Amino acid sequence: MYCIKRKKQWSEKVFTYWIEAPWVARAAKPGQFLATINSPKGERIPMTIVDIDGDTIEILFQVIGKSTLELSRMNEGDSLYAVVGPLGNPSELQKFDGPVIFVAGGIGVGPVYPIAKKAKEMGNKVISIMGARSKSLLVMTEQMKEVSDELLISTDDGSYGRKGFVTDLLKEVFEREEKPSHIWAIGPAIMMKFVSLTAKPFGVPLTVSLNPIMIDATGMCGVCRVYVNGKNRLACVDGPEFDGYAVDYDSFMERLTQYREKEAIALKRYIEAEG
Ligand code: NAD
């Protein structure tokens with residue numbers, strides 16, 4: 001169970017794994033996520049569900065700390081201790097009158113893909129905007145092309161597509177005659193904040209998906225609380241999707257960094273012990 005059937009490395013730190021997890025595969029819907037546990041004493045790592053093929057789930061992750069480094073060192077044929085999910089609520093998708101815009105920043109493309117895919121299956125016109133720091137960090141462009149009527153790409157350094165941020169491309173889409181009906185934006189918190197500032201004057205509803213630090217990811221610990229519409233909400237059970245205009249991005253960003261020192265110590269200790 002939870003066997004890594006296939007592994008793909010996109011860049012130094014970004015990987016796609018296909019993992020056998022029949023129960024999660026049968027129940028998961030676009031917008032939901034899962035948690036992986038490497039070993040019996042391991043922590044739960046919240047993960048994007050990119051796609052499902054029979055009993056196999058596809059996940060995309062970036063090496064950030066000890067647990068993701070440990071996961072990246074596992075190989076095809078190895079098994080994870082556990083896969084927990086699906087977690088969170090599915091996306092509220094429908095057939096919209098106008099185009100639906102999907103904005104994906106960096107590896108935020110992982111959770112964007114299944115939502116865009118479903119939106120396209122429902123008959124929506126899908127305009128996708130992807131951004132990465134440079135060409136070598138762009139992932140899943142072919143998959144996104146398949147589910148989009150139009151795919152626009154930017155890189156911060158101009159090494160591929162338009163030079164600039166996803167928000168520059170978003171502004172251009174707003175200048176068109178056809179008014180979009182809805183926007184989904186997933187990526188770094190700072191990107192979601194600026195997507196909301198860019199989109200607000202145009203009055204188009206915006207959904208963002210938040211990935212705060214989580215421990216149990218089932219609503220018990222409260223660590224993933226985010227401030228939305230003046231209230232504390234738990235990203236794991238109330239989200240992960242929220243109204244993109246109601247999120248307090250500054251407190252969200254502050255909470256994301258609160259364990260950075262401890263995470264660095266755990267990573268240093270792991271590298272000292274394992275090499
Ligand atoms: P990154 O820092 O390279 O940024 C990706 C893109 O976001 C940039 O190329 C740019 O187009 C846009 N961006 C960045 N700063 C911006 C700004 N100030 N204004 C407008 N656009 C801006 O991304 P990365 O290193 O691949 O990291 C991905 C991030 O996505 C991580 O922070 C991760 O936590 C987050 N993520 C979130 C989810 C989720 O479910 N919310 C899932 C996966 C990843």
Side-chain angles (χ1 to χ4, degrees), residues 10-16 30-36 45-50 58-65 68 85-91 101-116 128-141 144 151-173 183-200 206-214 217 224 226 228 235-236 239-242 244 247 249-250 252-257 259-260 263:
W10 294 92
S11 58
E12 189 201 344
K13 294 191 168 174
V14 179
F15 296 82
T16 291
Q32 292 183 298
F33 64 102
L34 51 79
T36 57
I45 321 171
M47 284 284 175
T48 287
I49 305 171
V50 175
E58 180 181 336
I59 61 166
L60 175 77
F61 69 95
Q62 186 169 25
V63 174
I64 305 274
T68 43
L87 303 167
N89 301 296
S91 303
I101 304 179
F102 289 90
V103 184
I107 62 151
V109 67
V112 161
Y113 172 76
I115 310 168
S128 301
I129 301 174
M130 289 176 66
R133 268 167 282 147
S134 70
K135 185 182 176 187
S136 62
L137 296 173
L138 270 172
V139 301
M140 292 180 55
T141 49
M144 283 303 291
L151 174 62
L152 306 168
I153 299 177
S154 67
T155 49
D156 303 7
D157 64 2
S159 52
Y160 190 86
R162 183 72 57 85
K163 186 177 191 315
F165 285 161
V166 285
T167 40
D168 300 323
L169 292 171
L170 182 62
K171 268 181 226 155
E172 290 181 21
V173 174
I183 308 164
W184 259 267
I186 311 180
I190 188 76
M191 180 206 87
M192 295 188 279
K193 175 179 174 171
F194 279 96
V195 166
S196 82
L197 293 172
T198 304
K200 194 149 195 192
L206 167 68
T207 300
V208 296
S209 181
L210 303 184
N211 63 334
I213 294 166
M214 288 184 188
C224 70
V226 287
V228 182
C236 66
E241 293 190 347
F242 294 100
V247 172
Y249 293 100
D250 293 336
F252 175 54
M253 286 188 272
E254 204 182 302
R255 286 184 63 77
L256 278 173
T257 59
Y259 296 108
R260 202 154 272 178
E263 284 163 358

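Remember, it's 1-based here, ligands and their atoms both numbered in the order they're listed. The shown structure was predicted, so the numbers you read here are calculated from the model rather than taken from an experiment. Nothing fancy with the numbering, it's 1 onward along the sequence.
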Show the atoms of ligand 1 that are less than 4.0 angstrom away from any heavy atom in Ile190.
15 (N), 18 (N)

Of all protein heavy atoms, the one nearest atom 42 (C) of ligand 1 is Pro111 CG, 3.6 Å

Are Pro240 and ligand 1 in contact, using a heavy-atom cut-off of under 4.0 Å?
no

Looking at Ala132, which atoms of ligand 1 are within less than 4.0 Å of one of its heavy atoms?
9 (O)

Which ligand 1 atoms are under 4.0 Å away from a heavy-atom of Ile186?
38 (C), 39 (C), 40 (O), 41 (N)

Roughly how far, to the nearest 0.5 Å, is the OG1 atom of Thr48 from the CG atom of Asn211?
7.5 Å

Does ligand 1 have a heavy atom under 4.0 Å from the side chain of Asp156, from its backbone, from both, or from neither?
side chain

Run down the list Ser11, Ala189, Pro188 and name the one with the heavy atom closest to atom 2 (O) of ligand 1.
Pro188

Residue and atom name of the nearest protein heavy atom (relative to atom 34 (O) of ligand 1), distance in Å to one decimal
Asn211 ND2, 2.9 Å

Contact check, Gln62 vs ligand 1, heavy-atom distance below 4.0 Å:
yes

Leu138 CG to Tyr160 OH distance, which is reported to the nearest 0.5 Å
7.5 Å

Examine distances only and state if a side-chain atom of Gln62 and a backbone atom of Val14 form a donor-acceptor pair shorter than 3.5 Å.
no

Which is it for Trp184 and Ser209 under the side chain to side chain contact (heavy atoms under 4.5 Å, CB included) test, yes or no, and what are the steps along the way?
CA-CA 8 Å; Trp184 259 267; Ser209 181; over 6 Å; no

Using a 4.0 Å cut-off to any heavy atom of Ser209, which atoms of ligand 1 qualify?
39 (C), 40 (O), 41 (N)

Considering only heavy atoms, does Phe165 approach ligand 1 within less than 4.0 Å through its side chain, its backbone, both, or neither?
both

Between Gly187, Pro46, Gly31, which one has a non-hydrogen atom sitting closest to atom 35 (C) of ligand 1?
Gly187

Short list, please: which atoms of ligand 1 are under 4.0 Å from a heavy atom of Arg133?
1 (P), 2 (O), 3 (O), 9 (O), 24 (P), 25 (O)

Mind running side chain to side chain contact (heavy atoms under 4.5 Å, CB included) on Val103 and Met191 for me, showing each step along the way?
CA-CA 9 Å; Val103 184; Met191 180 206 87; 4.1 Å; yes

Check each atom of ligand 1 against the heavy atoms of Gly106 and keep those under 4.0 Å away; list them by number with element.
5 (C), 6 (C), 23 (O), 26 (O)

So that I can tick it off, tell me whether Lys163 and Asp168 are bridged by a salt bridge, with the cut-off set at under 4.0 angstrom between side-chain N and carboxylate O.
no

Would you confirm whether Tyr249, through its side chain, and Gly244, through its main-chain N or O, come within 3.5 Å as a donor-acceptor pair?
yes

Just which atoms of ligand 1 are under 4.0 Å from any heavy atom in Ile107?
26 (O), 28 (C), 43 (C), 44 (C)

How far does CE of Met144 sit from CG of Leu151, to the nearest 0.5 angstrom?
6.5 Å

For atom 12 (C) of ligand 1, closest protein heavy-atom neighbour:
Met191 CG, 3.7 Å

Should the proximity of Val166 to ligand 1, defined as any heavy atom under 4.0 Å, be assigned to the side chain, the backbone, both, or neither?
both

Decide side chain to side chain contact (heavy atoms under 4.5 Å, CB included) for Val173 and Ile129; before the verdict, give the C-alpha distance in whole Å, the side-chain angles of both, and the deciding distance to 0.1 Å.
CA-CA 10 Å; Val173 174; Ile129 301 174; 4.2 Å; yes

Compare every heavy atom of Leu169 with every heavy atom of Ile153, then report the nearest pair and how far apart it is.
C-CD1, 3.6 Å

Contact (N/O only, under 3.5 Å) between Gly108 and ligand 1
no

Passing candidate, side-chain contact (heavy atoms from CB on, under 4.5 Å) with Val208, options Lys193, Met192, Glu241
Met192

